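Worksheet for the structure shown next.
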Amino acid sequence: SPSHKMASKIVLQMSKRFAKRCFSSSPAAVPLSEAIPDLSVSSSLTELQPQPVQVSKLANGITVASRQNHTPYCNISVYVKCGSRVESYEQRGITHLIKDSALLSTKDKSSFLLFRELDYIGSNISAMNTREHVIYTGNCMTGNQETVINALQSVICSPALYDWEIKDIYDNISYDIQAQLSQPRMVVMEELHKYSFRSGLNNSVLCPQYNTNKFTSDHLKDFISDWYTGHNISVVGAGVNHQELVDVVNKRFCSIPEGLTSTVKKAEYVGGCEIRLDADTNLTHAAIVCKGPSLTVNPKDIITGGVLQMVLGDGQYLKWGSGSVSSRLNKVVASTIDTSFSVNAMNLSYSDNGLFGIYAVSDSSTIGKVLKRAMNEFSEIGKGNISSTDLSRAKNQLKTKYLMNSESVLCDIQQIAQQVSLKGSYTPVNEVMSIIDSVSEQDIVQFAKMIFATRPTLVAYGNLSDTPRLDELVTGISVKQ
């Protein structure tokens, strides 16, 4: 139509003018690297600097931590220290069900009203469960945080847990289990934990299929009553004023009892197992791990493990990159095979234990070469084969990773919450940087020796026709203490 043609003509003219302004080659144009001349900036404007993390303890034991980063939006998370590791045998999977029932009706509001109020301010809340925590997270524009905290309080402190609503999510639980276990990496990680630890951390984050429809409203209420106490709860905020957050949390969560400090049985590392899971696929996923450091040990041990992970290789840092330039594992494997593969160091730390090792994915015909070359390269570090160049590069990569995570609000909240919840304190970024700088070549060698001193665990999934056995991988690679 004539009107459409006229509109298209106007848009085309505006686009040409915009392109001319942006990409003009006129010598009069000011380069972006130079200040615009005669541009006056009000001297009253001040640069807002992110504030350090502040931590407070309420009378009922709840820990409140926050960092004011002056963003136009804020995130608030509630970490309850009752992940799948605290489940008894009969309770296995109950935290998975609690996570899925978190967004149902509460005693104060129906689920429809709860989300209608959050939608009105452009906010939302979500829940997830890990081996250490059940986590509730809300985000909103700055100024609406009290509404989000009220919603989180309603979900956490007064869930209705009606039987008919619980039964409605049984199918969701089953679907979630099937979806997660269709991912080879998830299968391998679950099996690693199951056979590496004797108790606690060996519990899956997923509900066992045989338990999906056994938990009732009373089971969930009893679990919440036992574990949702002040000493187990940490509230962490980013982009909020600390004192305002403390006041609101103190007001809304005052009904939570202090409770006794929960004693969680230590997860003992066992190792020495070999789990082989055949599947109809051309690819093979394999992980071999030993005992790693926990989050509550000397901070330098944690940092040293992080540096060693960077020395070996921690994945791609550039999109479509191979990682072969900076990863020792990738370098040595790439010199052996010419097919596609992935091999990286893995470093998982929990409150009282951890796992450190290698995760590899390759064609079934080459997985044996990938694992053997990777394990041999790992053992070379334990024998002292690490250069100052490797160490310097790994330190810089770890610093960059830590600082970039601090710029991400969700990653920052996770780092703060894990430290204040599991350690009771927070290590500032500048101290972390100093510890990284203090790591020496000898520290890396001793850490690698400590890893090899424990019994390894191997989990392999996929086409295992050419996957070596555990004894074939560890024979001849031990290092002297």
Side-chain angles (χ1 to χ4, degrees), residues 46-57 63-79 81 130 132-133 135 137 139 142 145 234-246 292-315 317 326 345-351 354 356 390-440 443-444 447:
T46 57
E47 184 178 355
L48 297 175
Q49 296 291 340
Q51 297 180 359
V53 173
Q54 296 177 273
V55 182
S56 300
K57 197 87 168 179
T63 301
V64 181
S66 70
R67 188 203 299 275
Q68 175 58 279
N69 51 17
H70 305 290
T71 56
Y73 62 93
C74 61
N75 288 70
I76 298 166
S77 294
V78 180
Y79 279 63
K81 196 162 50 175
T130 67
E132 296 278 11
H133 297 97
I135 306 167
T137 300
N139 56 70
T142 302
Q145 53 264 36
S234 300
V235 181
V236 183
V240 295
N241 178 276
H242 182 72
Q243 190 55 51
E244 292 178 0
L245 179 62
V246 169
S294 70
L295 291 171
T296 53
V297 299
N298 186 338
K300 188 170 182 178
D301 291 341
I302 300 290
I303 299 299
T304 303
V307 175
L308 176 56
Q309 183 182 12
M310 295 299 164
V311 170
L312 293 170
D314 184 39
Y317 283 85
S326 61
M346 55 182 294
N347 182 17
L348 304 175
S349 294
Y350 299 97
S351 59
F356 194 100
D390 283 341
L391 182 60
S392 177
R393 184 260 306 165
K395 286 182 178 180
N396 290 333
Q397 283 186 329
L398 184 59
K399 286 181 181 179
T400 302
K401 181 179 180 179
Y402 193 91
L403 292 172
M404 291 181 70
N405 285 343
S406 297
E407 292 179 358
S408 167
V409 174
L410 292 179
C411 290
D412 194 29
I413 282 184
Q414 183 180 13
Q415 288 180 354
I416 297 170
Q418 284 188 341
Q419 292 191 46
V420 299
S421 174
L422 302 177
K423 297 194 327 182
S425 61
Y426 175 77
T427 305
V429 174
N430 59 334
E431 290 186 23
V432 174
M433 299 296 109
S434 298
I435 296 173
I436 294 175
D437 287 331
S438 70
V439 176
S440 65
D443 292 329
I444 298 295
F447 186 91

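Keep in mind it's a predicted model, so treat the numbers as computed, not measured.
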With no hydrogens and no angle check, is any side-chain donor or acceptor of [X] less than 3.5 Å from a backbone partner on [Y]?
X	Y	result
T296	S351	yes
R67	I416	no
T142	T71	yes

request  = Report the C-alpha distance between Y73 and V409 in whole Å, list the side-chain angles of each, state the deciding distance to 0.1 Å, and finish with yes or no for side-chain contact (heavy atoms from CB on, under 4.5 Å).
outcome  = CA-CA 10 Å; Y73 62 93; V409 174; 3.6 Å; yes
Measuring from atom [atom1] of [X] to atom [atom2] of [Y], what distance do you get when rounded to the nearest 0.5 angstrom?
X	Y	atom1	atom2	value
S392	D390	OG	CG	9.5 Å
Q414	T130	CD	OG1	8.5 Å
D412	N69	CG	CG	7.5 Å
I413	I76	CD1	CD1	8.0 Å
T427	Q419	OG1	CD	4.5 Å
L348	L295	CG	CG	10.5 Å

Beyond-backbone contact of [X] with [Y], side-chain heavy atoms, under 4.5 angstrom:
X	Y	value
S349	S294	no
E132	L422	yes
V420	Y79	no
N75	L410	yes
L398	I303	yes
T304	I444	yes
V236	Y426	no

Listed by chain and number, what are the side chain to side chain contact (heavy atoms under 4.5 Å, CB included) partners of [X], not counting sequence neighbours?
X	value
S421	K81, H133, S234
S434	none
N430	P428
M433	K399, Y402, L403, V429, I436

Looking at every heavy atom in both [X] and [Y], which two are closest together, and how far apart are they?
X	Y	answer
T63	K57	OG1-NZ, 3.1 Å
A345	D314	O-OD1, 4.1 Å
V307	A394	O-CB, 3.6 Å
G305	F356	O-CE1, 3.4 Å
N241	Q68	N-NE2, 3.5 Å
A65	L245	O-CD2, 3.9 Å

message = The criterion is salt bridge (charged side-chain N to carboxylate O under 4.0 Å, His left out); which residues satisfy it with K300, sequence neighbours excluded?
response = D443
key: side-chain hydrogen bond (donor to acceptor under 3.5 Å, both in side chains) partners for Q54, two or more places apart   = none
key: Sole residue of H242, E244, Q243 in side-chain hydrogen bond (donor to acceptor under 3.5 Å, both in side chains) with S66   = H242
